[in-house]
Amino acid sequence: MSAEFNPNIVAFLCNWCSYAGADLAGTSRVNYPSNIQIIRVMCSGRVNPLYVMNALQQGADGVLVSGCHPGDCHYMEGNFFARRRLGMLKDLMEFVGVDPKRFHMSWVSASEGHKWKEVVEKTVEDAKEAGPFEGFRRRQIDW
Amino acid sequence: MKMDLEQLRKTAAEVVARDDVKYLVGWKQGTYGYRVAPGFVEDAAGAAELIFSPLCTANLATYLTLVEELPIPRGQEPDDRKVAVMVKGCDSRAVTQLIVEKGIKKDEVVVIGCPCPGVVDPNLLAEKYPETEDQVEMKWNGEGFLLLRGGEETKIARDEVLAEKCRLCRYPNPVYSDIMLGDPVEPWETDEDKGVEEVEGKDVEERAEYWAEQFDKCVRCYSCRNVCPLCYCQDCVLDRLNPTWVNRAVNFSENTAFNIARAFHLGGRCIECGECERVCPANIPLGKINRKLAREVRDKYGFEPGVDPDAEPFQASFKPDDPEEFIL
Amino acid sequence: MKNGTNPYIPYPATVEETWYETGGDRCIKTFKVVFDDEKVRKEWSHLPGQCAMIGVLGIGESMISISCSPTEGDFLRFSVMRMGKVTQALHQLEVGDKMMVRGPYGNNFPVDDWQGKKILTIGGGVGQAPLRPIVEYVKANRDEYEGLTMIYGARTSGDLCFKGEFEEMSKCDDLACHLTIDVEEEGWGHNVGFVPQMLLDLNPSPENTIVITCGPPIMIRFVLENLKKLGFEDEQIYTTLENRMKCGIGKCGRCNAGNMYVCKDGPVFSYAVLKEIPEAFA
Amino acid sequence: MSAMLLNKEKWPEFVGKLTGKKVWAPQADSEGMRFALLAEGEAPVPDYNNTRVPPKGVLFPQTETMLKFQVKATEVDEPELDQETVVLGLRPCDARAMAIVEKLFKWDIDDPYFIKRRDMVTLVGLACNDPGLNCFCPSVGGSPASTEGLDLLMVDLGENYLLEAVTGKGEALLKEMGDLLSEAGADEAKEKEKLVKEAEGKIKRTVDTEGVPEGLPGLWEDPLWGKVSASCLGCGTCTYLCPTCHCFDIQDEVEGFDARRCRTWDSCMFGEYTLHTSGHNPRPTRKERTRNRINHKYSYYVDKFDVIACVGCGRCSNLCPVNIDIIDTIRQVKEAL
């Protein structure tokens, strides 16, 4: 590939920590890759695995879910549920042949602008390594 | 082990004769060949048709939640009588899990447990001993099976036709029952789960290719979902059109999304009865996905569904020290 | 449309006028639309009782009854209740927006056979929409029919459709319009009570009369009972059925009631036919 | 019509001569047989009982694009269907099913997609020498060597295939083959007759449909429907795998700015099939749905098109996970009459 592959990353960020963290990264002028499309959700526990699958189906090369650190959840325990469910989803997707580099989860608090940068960099780098997602993307071959 | 049919039929007749029992779901002889059909018994005559044999693969617990609830006409009382169901070891875990999830209440069912020395895989059996239109009888015979057809007796070795789920079975005896029939069977040494390991042994691309081939065959008849005793949502998210999570189109993309979503919704709930795999008209090895997930849940979270009726549902609970090494 | 062209192709039509008939969560909005293509407009011909598939590209289509009579002009009217995905999208259309229309589908009221007869329509709620074309048709061809009586009821006065049109009707002596609502309201000058009861109170004579009824199933059931009490024959009673539909041309299979496809053999059925179909009132 | 012989060794050549056409043939996949498009140079010998999924998808694909358009546009495009297609080695029951379904798709208003596909397809059937366990085609008006719906019938005579053209299309295909074929004689015709007789003799399960179409409406409230449907799971196996089931759903799908309107197979066994938006369902339970399925095949279709919409392929009996056996169901209906 001559031109560098620029992956599409869809990120589901919790309203209270990670979204604020990403915001802080912006206001503090931290440079991080622009491949990421942020979707704000109220809590990482609200992220339905179907969201992740739909993102991949509709053209994402990687998905990131980020929430508050354990114990910091605005809704007390939403991120604990998220951790359990999405951990299971990760295992499942790996088993059916989705590169584990395409799906990440992170804890980023509202004050961790720099951690956000690292998380994004890691996610983008991994997605680049995995290449364009061709798996079960909604292809238009039979349209 | 000897399953005494007399005892089974007598117990069934007693149960259906009770005032607080609506009907009993058991197994009865199918219309031909190796088929066994679910039998809905309301009286002693029906109870006399019940059987329990190595051909009774179906998990009848699914009928506890399958019945449509219609509005009760004005002036009529709801029928609160219990439903009796006959269960094998694996099926009883489905009942337990349903109780855990409050899908059913303990006092809505009468569970008749049948210790099970393992059932056959009808496909394997038909491959080796072609099916004919004659009805057959099958029995457990020491370590193996005995096939009675048209006056002929055939001895079949256990390993030859035993269903895969039974080779991996760790709960041959019902874990939950109101009435227990016969003596418990001795649990056997379980094999390694070769099916899952084989897929795990592939690298990511090979796995993707393997499942692509499998999911491509899916015709989306939803029999895997409907037969599953634990898929009992009134309004399945995979059926919804507003919003549409999974398109109706049948292609590899939507089939994969459907199958992953189905498997995920059974994460920490699947009790490995193998029904989805048995009913699939496209022979997709769904059991492998379910068992893989069940194994992850067991190994990583120390949770096993359908064993303890007082447990918390897996996906609706958490432990502060759940593994999180995958989190950045 | 005609054979030879693809019947599944919808044609764009522009919304010329639109207004709300009723309010609330399940509000009813009426659209007056005109086909963009001159040729389609010319070829289109429908009769009272027929339906059309209308929708929005990318969302889907729904079978909606055409609520205007061909005598009214070169346009179509649809009254749509906001219920599901498609009707929600339709409700977002405003004047100038495009709606996709194909049809007309189904059979029609046998208006020619009814010449020289008295027409009685009994409607409830949004069930008045398929009855409106027959009312308008009879109004436009007054000489050919003996007269028209309309009974129309809804839960509240706010749930009545086509309110503006009834005033004018009651002024003519061969047209009668009887309105009713379920519960008493302040300033309501008409009847209060259920439609079937009102039918009994009016006590119309069955002689030389055709009855067309449409509304909620429970209303239809009691209206039919009461019509029998009044001495109406099965052949004099007509109603329209509805079912889930996808294709509109008798292929997709889902709209069958017994051996009848509602989209092809219906939606208009006489009670004489209907009572032979066990599934009709399911 | 002319009858020709094809030596089995020349089968690959026969298939090879069909270049330029899409060729569907039964192929083995990881579990059993299914109809699939042949890749160039492949010529598997059709040696099978029957496929799990019927070849109805050749004319009526499980998912078919009806219209293509852009989101927010008003112009629609139709997909192009113009490639000649050959289906090799389908069973007479499945071909007969296509002829039966064609009646509906040609009824009153033509269904353009089905008709176009039908016009461009040549159906080359393979008579059954060894019917399966649940085959009961003679009971519903078929036969192991029925030519209804077929353009060309092949009969496996051991070393050779006997090819009998049924329609002009079949004749044309035979002509294309030129000297690959040799003229068949009276011996072969006799041999064929013998094989068909034998095959019919091998069919063990039968149903008696006499009086069933007329009698079914009278059994509307019969307790047999409750009994038959009690164990039904409400899945779509019986209908999706039925060669005559033709119900479909139409949905719009959007991908970015591209969108399509597509139709997919649907099943009357799903609750959602008849569900009104209001939440009312005219067929609320599995009992009504099962009753509708049997009535549609054995009564409504007979009323409309004068033929039973069941060809006796036995797939629904074979693959129903809970042993709802159509042969047994019709037997029960017959008893209740």
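Given the structure is predicted, the values throughout are model-derived calculations rather than measurements. Letters go in sequence order (proteins before strands), and every chain restarts at 1. Below, each value reflects all heavy atoms present in this structure, side chains not excepted, and no hydrogens, waters or symmetry copies.
Within 6.0 Å of the CZ atom in C:Phe194, the count of heavy atoms belonging to other residues, nucleotides or ligands does not exceed 12. Heavy atoms of other residues, nucleotides or ligands lying less than 6.0 angstrom from CD of D:Glu80 number 12 at most. Atom CD of C:Glu21 has more than 12 neighbouring heavy atoms from other residues, nucleotides or ligands inside a 6.0 Å radius. Heavy atoms of other residues, nucleotides or ligands lying less than 6.0 angstrom from CG of C:Asp113 number more than 12.
Contact count versus chain C (heavy atoms, under 4.5 Å) is highest, among D:Glu288, D:Gln70, D:Glu78, for D:Glu78. Heavy-atom pairs under 4.5 Å with chain C peak, among D:Asp303, D:Asp252, D:Val101, at D:Asp252. The choice from C:Glu242, C:Met260, C:Met99, C:Met245 that makes the most heavy-atom pairs within less than 4.5 Å of chain D is C:Glu242. Chain C forms more heavy-atom pairs under 4.5 Å with one residue of D:Thr277, D:Ile250, D:Asn295 than with any other, namely D:Ile250. Of the listed residues D:Thr274, D:Val71, D:Val302, the one with more heavy-atom pairs under 4.5 angstrom with chain C than any other is D:Thr274.
Interface residue D:Ser278: backbone and side-chain heavy atoms are both found under 4.5 Å from chain C. Contact annotation for C:Glu276: neither backbone nor side-chain heavy atoms come within less than 4.5 Å of a heavy atom of chain D. Only the side chain of D:Arg263 comes within less than 4.5 Å of a heavy atom of chain C; its backbone N, CA, C and O stay farther away. Both the backbone and the side chain of C:Met83 have a heavy atom closer than 4.5 Å to some heavy atom of chain D. Within the 4.5 angstrom heavy-atom criterion, no atom of D:Ile115 approaches chain C. Neither the backbone nor the side chain of C:Cys255 comes within contact range of chain D; no heavy atom of the residue lies under 4.5 Å from a heavy atom of that chain.
D:Glu272 has its side chain within reach of C:Arg244: a pair of non-hydrogen atoms, C-beta onward, lies under 4.5 Å apart. Under the 4.5 Å side-chain criterion, counting only non-hydrogen atoms from C-beta, C:Pro10 is in contact with D:Leu67. Two residues are said to be in side-chain contact when any heavy atoms from C-beta on lie closer than 4.5 Å; D:Val76 and C:Leu57 meet this criterion.
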Go through it in stages, so that I can follow the logic: the residues are C:Arg254 and D:Cys268, the test is side-chain contact (heavy atoms from CB on, under 4.5 Å), and I'd like the CA-CA distance, side-chain angles, deciding distance and then a yes or no. CA-CA 7 Å; C:Arg254 72 195 56 235; D:Cys268 58; over 6 Å; no

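Taking SG from C:Cys252 and CG from D:Asp266, the interatomic distance works out to 8.5 Å, rounded to the nearest 0.5 Å. Between the CD1 atom of C:Ile249 and the CZ atom of D:Phe105 there is a distance of 9.0 Å, given to the nearest 0.5 Å.
Under the 4.0 Å criterion applied to side-chain N and carboxylate O atoms, C:Lys246 and D:Asp249 are assigned as salt-bridge partners. A salt bridge links C:Asp265 with D:Lys304; the closest basic N to acidic carboxylate O contact falls under 4.0 Å.
In terms of heavy-atom proximity, C:Tyr8 sits nearest to D:Pro112 at CE1-CD, 3.8 Å. C:Val56 and D:Arg261 make their closest contact through O-NH2, 3.9 Å (heavy atoms, listed as atom of the first residue, atom of the second, distance). Nearest approach of C:Lys251 to D:Ile109, heavy atoms of both residues: NZ-O, 2.6 Å. In terms of heavy-atom proximity, C:Pro12 sits nearest to D:Thr74 at CB-CB, 3.7 Å.
Ring orientation note: the planes of D:Trp107 and C:Tyr261 are tilted relative to one another, at an angle of 30° to 60°.
Side-chain polar atoms of D:Asn292 and C:Asn256 form a donor-acceptor pair below 3.5 angstrom. Looking only at atom types and distance, the side chain of D:His276 has a donor-acceptor partner in the side chain of C:Asn243 under 3.5 Å away. D:Tyr113 and C:Asn6 share a donor-acceptor pair across their side chains, judged by distance under 3.5 Å alone.
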